[in-house]
Every structure is written in structure tokens, then in C-alpha cells.
Amino acid sequence: MALGDAASSAPWDAAERLPHEPESGGARVDHIVVLGLVPPGARVLDIGCGDGSLLALLRDRRGVDGRGIELSREGVNACLARGLPVIQGDADTDLANYPDDAFDVVVLSQTIQATRNPRIVLEHLLRIGRQVVISFPNFGHWRVRAELAFRGRMPVTEILPEAWYETQNIHHCTIRDFVGLCRLVGARIEKATALDARGRPMRFSMPWWFWNLIGAQGVFLLRRGGGHR
């Protein structure tokens with residue numbers, strides 16, 4: 001049964017759950033979850049790579065052949081200081097320049113909600129990479145709902161820490177919304193999970209709507225075509 005079906009009562013882990021490595025070694029816990037999805041030695045493109053912390057982790061722990069794209073000059077400089085091959089670029093405009101199947105894995109971590117055209121970006125990711133790893137803040141989380149319902153204000157939480165007038169996020173979405181987008185573009189969800197406010201995988205099995213309410217982030221491993229598990 002497809003995830004995101006409004007009538008579905010299937011558990012959220014009807015798609016295979018993401019691996020979890022408990023020893024973070026000082027790295028962000030959600031980065032460790034992403035690390036567990038990338039095979040050793042893979043060709044990886046990290047889009048919106050920020051200061052390069054995730055890309056450096058993949059290089060050091062997985063031995064990947066990694067490349068990065070980052071919009072901010074400050075982020076690019078931080079990546080170069082780590083010895084990472086990162087260029088300045090915009091996911092909304094520059095992905096069209098990459099050929100099909102250019103990378104084994106394309107990573108978009110905490111970035112899709114900041115793009116102008118998330119659907120087009122996702123379609124490019126599925127074209128460029130044989131697999132795609134995407135993480136994003138879940139705007140359906142109970143604290144977000146509570147801020148809107150009881151205070152009538154845009155939320156400021158651990159995963160959404162900036163005020164509405166400062167945030168780069170322009171397309172907030174929920175886990176349910178993202179699953180719907182995957183269905184729309186024909187992406188196969190190979191693995192998926194929700195993370196709590198600390199970035200840790202939520203380990204117990206519950207219906208998908210529960211993850212949409214309780215999960216602070218969603219993490220998905222996608223492949224183009226083939227529908228959903």
C-alpha cells in the first residue's frame with residue numbers, strides 16, 4: 001500500500017526503515033543517518049552542502065568520491081578549507097547542466113524547502129543520481145501545529161530555528177506532502193523514517209500519520225520509477 005494514501009493505516013516503516021549508527025563521533029545525528037545510506041566509495045553530489053560537514057563525514061567515513069554545490073560564498077570557502085571540491089551554485093538553476101546518472105548518490109539535506117521549484121529540483125535529482133537521499137524539516141510536527149493553532153504565529157522550533165522574516169525556507173512541507181510529491185514525479189521510496197527533534201530515528205512502528213505528527217524531520221532514500229513499496 002502506497003505511503004501517503006489518505007485511507008492507509010499501514011505503518012510508516014512499510015518502506016524499509018533507514019539504518020541507524022548510534023556512535024556519532026561528534027557528528028550531527030541526522031548526518032549519521034544519511035551516512036548509513038551511502039555505500040563506500042560511491043560517487044556523491046551533495047547539493048546545498050553548507051560548510052561541508054556532511055560531505056567531509058562521507059569522505060572520511062565512507063571514502064566517497066564527493067562533490068558539492070553551495071549557494072553561499074561563505075559556505076564554499078568553509079568547504080574549500082576542509083579540502084572539499086565544492087563549487088558555488090544554485091540548485092534551482094544549475095542542476096540542468098549535469099548529465100543523467102552522473103552520480104551514484106545525490107544528497108539534498110535540509111535544503112529542498114529552500115528551493116524555488118521543489119518539484120523540478122526533485123526531478124533533476126532523480127535524473128542525475130541513481131539514488132537520492134533527501135532530508136527536510138516536517139512542518140506537520142505537533143509543535144509547529146501548536147504554534148499556529150494556539151499562538152497564531154509562524155513557529156520557531158529546534159528544527160525551524162529562524163523567525164519567518166529571516167528564514168530561507170520558502171516551501172514548507174509535511175512528511176505527507178513530500179510523499180505526495182514523490183508519487184507525483186514517479187519516485188520510488190526505498191527507505192524512509194522520521195527523526196525526532198534531536199535528529200534521532202524514531203524506532204517504534206506506528207501508522208504513517210503518527211510520524212507526520214510526531215516526526216521533526218523526514219529522511220528518504222529514493223530511486224526513480226517503479227512506484228512505492
**Q.** Closest approach of V33 to P201 (non-hydrogen atoms, all atoms of both residues)
**A.**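 Looks like CG2-CG, 3.6 Å.
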(request) Might you point out which heavy atoms bring A187 and L222 nearest each other, and give the distance in Å? (result)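 Scanning both residues completely, I find the closest heavy atoms to be CB-CD1, 4.4 Å.
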Are [X] and [Y] linked, directly or through other ILVMFWY residues, by side chains that come within less than 4.5 angstrom of each other?
| X | Y | value |
| --- | --- | --- |
| L181 | V132 | yes |
| I47 | I87 | yes |
| L35 | L37 | yes |
| I69 | V86 | no |
| L84 | V133 | no |

Could you tell me whether the side chain of [Y] reaches within less than 4.5 Å of the side chain of [X], counting heavy atoms only?
| X | Y | value |
| --- | --- | --- |
| I134 | L125 | yes |
| V121 | L108 | yes |
| V106 | V44 | no |
| I32 | R61 | yes |
| R82 | S53 | yes |

Find the distance between [atom1] ([X]) and [atom2] ([Y]) and round it off to the nearest 0.5 Å.
| X | Y | atom1 | atom2 | answer |
| --- | --- | --- | --- | --- |
| R188 | R223 | CZ | CZ | 8.0 Å |
| R183 | I189 | CZ | CD1 | 9.0 Å |
| T193 | L221 | OG1 | CG | 12.0 Å |

Is the backbone N or O of [Y] less than 3.5 Å from a side-chain atom of [X], with the two atoms forming a donor-acceptor pair by type?
| X | Y | answer |
| --- | --- | --- |
| R59 | L54 | no |
| S135 | Q110 | yes |
| T115 | I112 | yes |
| N138 | G215 | yes |
| H171 | P118 | no |
| N212 | R176 | yes |
| D90 | D94 | no |

Residue pairs fulfilling side-chain hydrogen bond (donor to acceptor under 3.5 Å, both in side chains) with at least one residue in residues 97-108, sequence neighbours excluded: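 Qualifying pairs, neighbours excluded: R43-D104, D100-R127, D101-R224.
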Which donor-acceptor pairs under 3.5 Å do the side chains of residues 71-81 make with protein atoms, sequence neighbours left out?
residue : atom : partner : partner atom : Å
S72     : OG   : E70     : OE2          : 2.9
S72     : OG   : G75     : N            : 3.0
R73     : NE   : Q88     : OE1          : 3.4
R73     : NH2  : Q88     : OE1          : 2.9
N77     : ND2  : R73     : O            : 3.4

- request: Give the intermediate values and the outcome of side-chain contact (heavy atoms from CB on, under 4.5 Å) for residues T93 and R116.
  value: CA-CA 10 Å; T93 59; R116 292 189 296 276; 3.7 Å; yes
Practice prompt. Would you sort out whether R145 and L213 count as a side-chain contact (heavy atoms from CB on, under 4.5 Å), showing the intermediate values?
Written response: CA-CA 9 Å; R145 301 188 194 201; L213 178 64; 3.8 Å; yes
Residues that F178 engages under ring-ring contact (aromatic ring centres under 6.0 Å, His included), provided they are two or more places apart
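Once residues adjacent in sequence are excluded, the partners of F178 under the ring-ring contact (aromatic ring centres under 6.0 Å, His included) criterion are F136, F220.
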**Asked** Does the pair D65 and R67 meet the rule for a salt bridge (Lys or Arg N to Asp or Glu O under 4.0 Å), with working shown?
**Response** CA-CA 7 Å; D65 178 10; R67 302 288 186 273; 2.7 Å; yes
key: Derivation of the side-chain contact (heavy atoms from CB on, under 4.5 Å) call for V34 and D30   = CA-CA 6 Å; V34 174; D30 60 317; 5.8 Å; no
Test side-chain contact (heavy atoms from CB on, under 4.5 Å) applied to I128 and L95, step by step: CA-CA 8 Å; I128 295 169; L95 296 182; 4.0 Å; yes
